[in-house]
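Beneath this line is the structure, given in structure tokens, with notes to follow.
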Protein chains: 2
Amino acid sequence: MSSLKILVVEDEDAIRGMLIMVLQQAGFFPTAAKDAEEAQNIIHDNPPDLILLDWMLPGISGVEWARRLKKEPIYSDLPIILLTARGEEEDKVRGLEIGADDYMTKPFSPKELVARIHAVLRRSGKILGQAQICLGDLILDIDQHRLIIGDRQLEVSPTEFRLMHFFMTHPDKVYTRTQLLDQVWGRSVYIEERTIDVHIRRLRKILEEYGRDDLVQTVRGFGYRFSMVD
Amino acid sequence: MSSLKILVVEDEDAIRGMLIMVLQQAGFFPTAAKDAEEAQNIIHDNPPDLILLDWMLPGISGVEWARRLKKEPIYSDLPIILLTARGEEEDKVRGLEIGADDYMTKPFSPKELVARIHAVLRRSGKILGQAQICLGDLILDIDQHRLIIGDRQLEVSPTEFRLMHFFMTHPDKVYTRTQLLDQVWGRSVYIEERTIDVHIRRLRKILEEYGRDDLVQTVRGFGYRFSMVD
DNA sequence: AGGGCTTATTACCTTTTTATGACAAACTTC
DNA sequence: GAAGTTTGTCATAAAAAGGTAATAAGCCCT
């Protein structure tokens, strides 16, 4: 699942801006509101997958608004993370009479925020990886961790599986070795670009037995492409 | 089984009230106590099927009381879910051998609470599912704690049984060691991940005699999978 | 055709991951 | 409370995977 929308409801410009920045960086699609009223409109027009809500808001307080939201059946499943200043309210928040799914005390690190968002989204089932990815007669089953062609199962190593996963979710497009390294191995790993060649080779060898080694195509001077079309 | 009784032990009125509300809504029959002493009486007069216990209590702390309870043979099977505030204690909960079956960090969503209660009840056998679970020629007899293959029946140890139970009710999907630990042993126990390997080994050894050790499959880099398919 | 560059292929070695047997503590059972 | 189970941990063996370098093969241009 991609394009997870997060609504930030926060009256202080600086904090709101910072939050939006952080969220974008983390791959979310943030929208923002200054108060409950504005937020209400956004929710109506373009319901987000999660709300980051300031405890104190001008007009209707964040808590109050959250409570109302949770009562409406349409929105009751919408996860809410409360943002509070450190202080006396902390105890009350813990009481969770509000129905918030989590809370954070300012100031917090971007890292922690993103981590909590992920946790809440996962808990509420918003992050559902597709169970299966099909492409022609290729099936990559994430849950079962299996790669199947037709009715036969292929034996692939962890890295081969990840590579295949990336290819199948990004078909028909050329990727440089560096891009593949970043996407499949992760930005923080440092290995030779040429190593990619070897892994491509290994993938092809496996696919070869099924006459499908033509799926992994070399684009001379650029990199590799995975495609059902020649 | 209907009319599952749940005892809430929590000193803060607001939270206690909220919990009771949530539990009723979810179809349980909650009773409540403000402290360990009160709880002790209730347990004696009208033993519940599960206890929701606050970590911090006036007088005897929740943890201390839980520990004592677990030592009494009569109550040792009574599942306990600990409620803790987020903070330093969190780590301790996992580490310390309290004997709780699960724990939750406030604040939590009602949904999650109910889900965990169900999970714990199921694990501890309070919720009767099917009496038998069949998969191919495998039959797992819940009541008798027996595994039947074809026409022969064999005894398995408690842990092996639970592991087998989990596998047979969740076939074809890969689980990491951590997931298995959480699901089969419970979230609050702390044992080495590698211990899973040993239990897998033991399961396989049993199945081996019937030529069925291929049911438990290793998925390198991820974990294990139980499947009738290769 | 040949030089220069890019990719393919293979072999090798290191690291990582899993399997297995043994042991001791904890727990049951009689 | 003694004998037998059960279960978690460790040490070690075994297996698989992953990265690199060396060499072969291929492509493109003049």
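Since we're looking at a predicted model, the values are computed, not measured. Lettering follows sequence order; numbering is per chain, from 1.
Across the interface with DNA chain C, nearest-nucleotide mapping of G223(B) and V198(B) shows G223(B) to be the residue nearer the 5′ end.
Two residues are said to be in side-chain contact when any heavy atoms from C-beta on lie closer than 4.5 Å; K173(B) and Q144(A) fail this criterion. Two residues are said to be in side-chain contact when any heavy atoms from C-beta on lie closer than 4.5 Å; H165(A) and E160(A) fail this criterion. When side chains are defined from C-beta on, R194(B) counts as touching D197(B), because their heavy atoms get closer than 4.5 Å. Contact check for L147(B) versus E155(B): no side-chain heavy atoms found under the 4.5 Å cut-off. Taking the side chain as every heavy atom from C-beta outward, I80(B) and V120(B) never approach each other to under 4.5 Å.
Straight-line distance from the CD atom of E193(A) to the P atom of dT7(C): 10 Å, rounded to whole Å. One atom, CG of L181(A), and another, C1' of dT20(D), lie 14 Å apart when rounded to the nearest Å.
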**Request:** For each nucleotide in nucleotides 25-30 of chain C, reading 5' to 3', give B when a protein heavy atom comes within less than 4.0 Å of its base, S when such contact involves only the sugar-phosphate, and - otherwise.
**Result:** ------
**Prompt:** If the sugar-phosphate is the primed atoms plus P, OP1 and OP2 and the base is the rest, what is the B/S/- string for nucleotides 23-30 of chain D, using protein heavy atoms under 4.0 Å?
**Reply:** ---BB---
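One finds a side-chain N or O of R201(B) lying less than 4.0 angstrom from the OP1 or OP2 phosphate oxygen of dT20(C). For T218(B) and dT17(C), the shortest distance from a side-chain N or O to OP1 or OP2 is not below 4.0 Å.
Considering all non-hydrogen atoms of both residues, Q217(B) and V229(B) come closest at NE2-O, 2.7 Å. In terms of heavy atoms, M168(B) sits closest to I133(B) at CE-O, 3.4 Å.
Put simply, the side chain of T218(A) never gets that close to the backbone of R220(A): no donor and acceptor are under 3.5 Å apart. A distance-only check finds a donor-acceptor pair linking the side chain of D49(B) to the backbone of K5(B) [under 3.5 Å].
For T195(A) and E192(A), the side-chain atoms include no donor-acceptor pair closer than 3.5 Å. D172(B) and S227(B) share a side-chain donor-acceptor pair at under 3.5 Å.
For residues 207-230 of chain B, the pairs satisfying ring pair (Phe, Tyr, Trp, His ring centres under 6.0 Å) are H145(A)-F222(B), F167(B)-F226(B), with sequence neighbours left out.
For the helix from dA1(C)-dT30(D) to dC30(C)-dG1(D), the end axes, each set by the C1' atoms of five terminal pairs, are bent relative to each other by 40° (nearest 10°).
Across dT20(D), dA19(C), dT9(D), the shortest atom-to-atom separation from the side chain of E192(A) is found for dT20(D). Checking dT20(D), dT20(C), dA19(C) against the side-chain heavy atoms of R204(B) singles out dA19(C) as nearest. Taking only side-chain atoms of R194(B), from C-beta outward, the nucleotide of dA19(C), dA8(C), dT17(C) with the closest atom is dT17(C).
Y224(B) comes within 4.0 angstrom of the backbone, heavy atoms only, and of no base.
Applying the side chain to side chain donor-acceptor pair (under 3.5 Å) test to K205(B) and every residue at least two apart in sequence or in another chain returns nothing.
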Show the distances under 3.5 angstrom between N or O atoms of the protein and N or O atoms of nucleotides 3-7 of chain D.
unit_1 : atom_1 : unit_2  : atom_2 : d
dT7(D) : OP1    : T159(B) : N      : 2.9
dT7(D) : OP1    : T159(B) : OG1    : 2.6
dT7(D) : OP2    : S157(B) : OG     : 2.4
dT7(D) : O5'    : T159(B) : OG1    : 3.0

